[in-house]
Amino acid sequence: GLTCISAHFDTSELFNHAEERIAWAKELGLTQMATASLGFGTLPKDAPPTVHDVDRVTGLFNTFAAKAHDAGMVAVLHNEGFETTSIDGKRVYDMEIERLDAKTVKLQFQVSTMQNGFDPVDYFTRYPTRYISMHCQDWVMTPGGKAKQVALGKGVVDWKKVFTAAKKADIKNYFVELEQNPALMAQSVPYLKSLQV
């Protein structure tokens, strides 16, 4: 009885094989097609990224998103990699949000980017209609200064605060992402079900 509503694709699939990938997504039953970062495989290797690069990759994603929208799919941008960097003191992610078409592009928040100074509550509050989903992770900092993934509710994230903001932003999907230790799912799901928000 499992269904799959969302999956990630790399940028070369979306930018160079859009129609084929949209057809595959529809066959699988997806309604959302996400990419982790607009910087994977799209940026020059021999020079730091520029505002022109942001314009170029957001333009490519807007083109894909229009095709996806016409086919009844939602194009979704995650925030990892390139999105967590800055150009001339401005966050790339914020520049992308400004340039992406709000009518055809939705956003997915990677909660672990809190480690890079990205506050989900801030983003859900500033862009209340732009987000459709989030990837949920929790962690503790080890004495050596590294983040160690733990079950949701056992780490540093204030989930009540995050889910309260997410509810106000009308986020539709919450994906528990525990790739470092999938065994943590057994503790994470009951914790989420017990949250009263």
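Values in this document were obtained by computation on a predicted structure and should not be read as measured data.
From Lys148, atom NZ reaches atom CG of Asp138 across 12.5 Å, with rounding to the nearest 0.5 Å. In this structure, CG on Asp94 lies 7.0 Å from CZ on Phe118, to the nearest 0.5 angstrom. Here the straight-line distance linking atom CD1 of Ile97 with atom CG of Leu77 works out to 8.0 Å at 0.5 Å rounding. One finds the CZ atom of Arg21 at 11.0 Å from the CE atom of Met73 (value rounded to the nearest 0.5 Å). With values rounded to the nearest 0.5 angstrom, Gln110 atom CD is found 6.5 Å from His135 atom NE2. Here Arg99 contributes atom CZ and Phe61 contributes atom CZ; the two are 15.5 Å apart, rounded to the nearest 0.5 Å.
Counting heavy atoms from C-beta on, the side chains of Phe64 and Thr11 never come closer than 4.5 Å. Between Phe9 and Leu30, the closest side-chain pair of non-hydrogen atoms falls below 4.5 Å. Side-chain contact between Asp53 and Thr50: present, with at least one pair of heavy atoms (C-beta onward) separated by less than 4.5 Å. Residues Asn173 and Ile132 have side chains in contact (heavy-atom distance under 4.5 Å, counting atoms from C-beta outward). Side chains of Ile5 and Phe175 form a contact here, defined as non-hydrogen atoms less than 4.5 Å apart. Proximity of Gln187 to Leu184: side-chain heavy atoms (C-beta onward) are separated by under 4.5 Å at one or more points. Contact check for Val156 versus Met114: no side-chain heavy atoms found under the 4.5 Å cut-off. Residues Asn62 and Leu100 have side chains in contact (heavy-atom distance under 4.5 Å, counting atoms from C-beta outward).
Put simply, the side chain of Glu13 gets close to the backbone of Asp10: a donor and an acceptor are under 3.5 Å apart. Judged by distance alone, with hydrogens and angles left aside, the side-chain atoms of Arg130 form no donor-acceptor pair with the main-chain N or O of Tyr123 at under 3.5 Å. Side chain of Lys160 to main chain of Gln196: a donor-acceptor pair is present (N/O by atom type, distance under 3.5 Å, no hydrogens or angles). Looking only at distances, a side-chain donor or acceptor of Ser188 sits under 3.5 Å from a matching main-chain atom of Leu152. Distance alone, capped at 3.5 Å, is enough to place a donor-acceptor pair between the Lys167 side chain and the Val197 backbone. Within the 3.5 Å criterion, the main-chain N or O of Gly81 finds no donor-acceptor partner in the side chain of Thr85.
Residue-environment remark: CG (Asp70) exceeds the threshold of 12 foreign heavy atoms within 6.0 Å. Dense packing is recorded around CD of Glu179, with more than 12 heavy atoms of other residues, nucleotides or ligands lying under 6.0 Å away.
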Worked check of side-chain contact (heavy atoms from CB on, under 4.5 Å) between Trp139 and Gln180:
CA-CA 11 Å; Trp139 61 92; Gln180 291 177 13; over 6 Å; no
Run the side-chain contact (heavy atoms from CB on, under 4.5 Å) check on Val189 and Leu192 step by step: do they pass?
CA-CA 5 Å; Val189 172; Leu192 287 180; 5.7 Å; no
Assess the residue pair Lys90 and Glu98 against the criterion (side-chain contact (heavy atoms from CB on, under 4.5 Å)); give the C-alpha distance rounded to whole Å, side-chain angles, the decisive distance to 0.1 Å, and a yes or no.
CA-CA 12 Å; Lys90 185 156 185 186; Glu98 289 170 8; 2.8 Å; yes
How far apart are the C-alpha atoms of Thr84 and Tyr93, what are their side-chain angles, what is the distance that settles it, and do they pass the side-chain contact (heavy atoms from CB on, under 4.5 Å) test?
CA-CA 7 Å; Thr84 64; Tyr93 189 48; over 6 Å; no
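No hydrogens or angles considered: a donor-acceptor pair under 3.5 Å links the side chains of His8 and Gln108. In this model, a donor atom of one side chain and an acceptor atom of the other lie less than 3.5 Å apart for Ser37 and Glu83.
Scanning all heavy atoms of the two residues, the minimum distance from Asp119 to Val121 falls at OD1-N, 3.0 Å. Between Ala65 and Val105, the closest heavy-atom pair is CB-CG2, 3.5 Å. Annotation for Thr42 and Arg56: closest pair O-NH2, 2.7 Å, computed over non-hydrogen atoms. Of all heavy-atom pairs spanning Met33 and Leu14, the tightest one is CE-CD2, 3.9 Å.
No path of Ile, Leu, Val, Met, Phe, Trp and Tyr side chains, each step under 4.5 Å between heavy atoms, connects Val150 with Met134, placing them in separate hydrophobic clusters. Note: the hydrophobic cluster containing Val176 also contains Tyr174 (ILVMFWY, side chain heavy atoms under 4.5 Å, direct or indirect links). Residues Ile87 and Val57 are members of one and the same hydrophobic cluster, defined by side-chain heavy-atom contacts under 4.5 angstrom among Ile, Leu, Val, Met, Phe, Trp and Tyr. In the hydrophobic clustering of this structure, Leu60 groups with Val54; members are Ile, Leu, Val, Met, Phe, Trp, Tyr whose side-chain heavy atoms approach within less than 4.5 Å, directly or through other members. Hydrophobic cluster membership differs between Val157 and Val140, with clusters built from Ile, Leu, Val, Met, Phe, Trp and Tyr side chains linked at under 4.5 angstrom.
Partners of Lys154 by salt bridge (charged side-chain N to carboxylate O under 4.0 Å, His left out), not counting sequence neighbours: none found.
Salt-bridge annotation for Lys168 and Asp170: absent, with no side-chain N of the basic residue lying under 4.0 Å from a carboxylate O of the acidic one.
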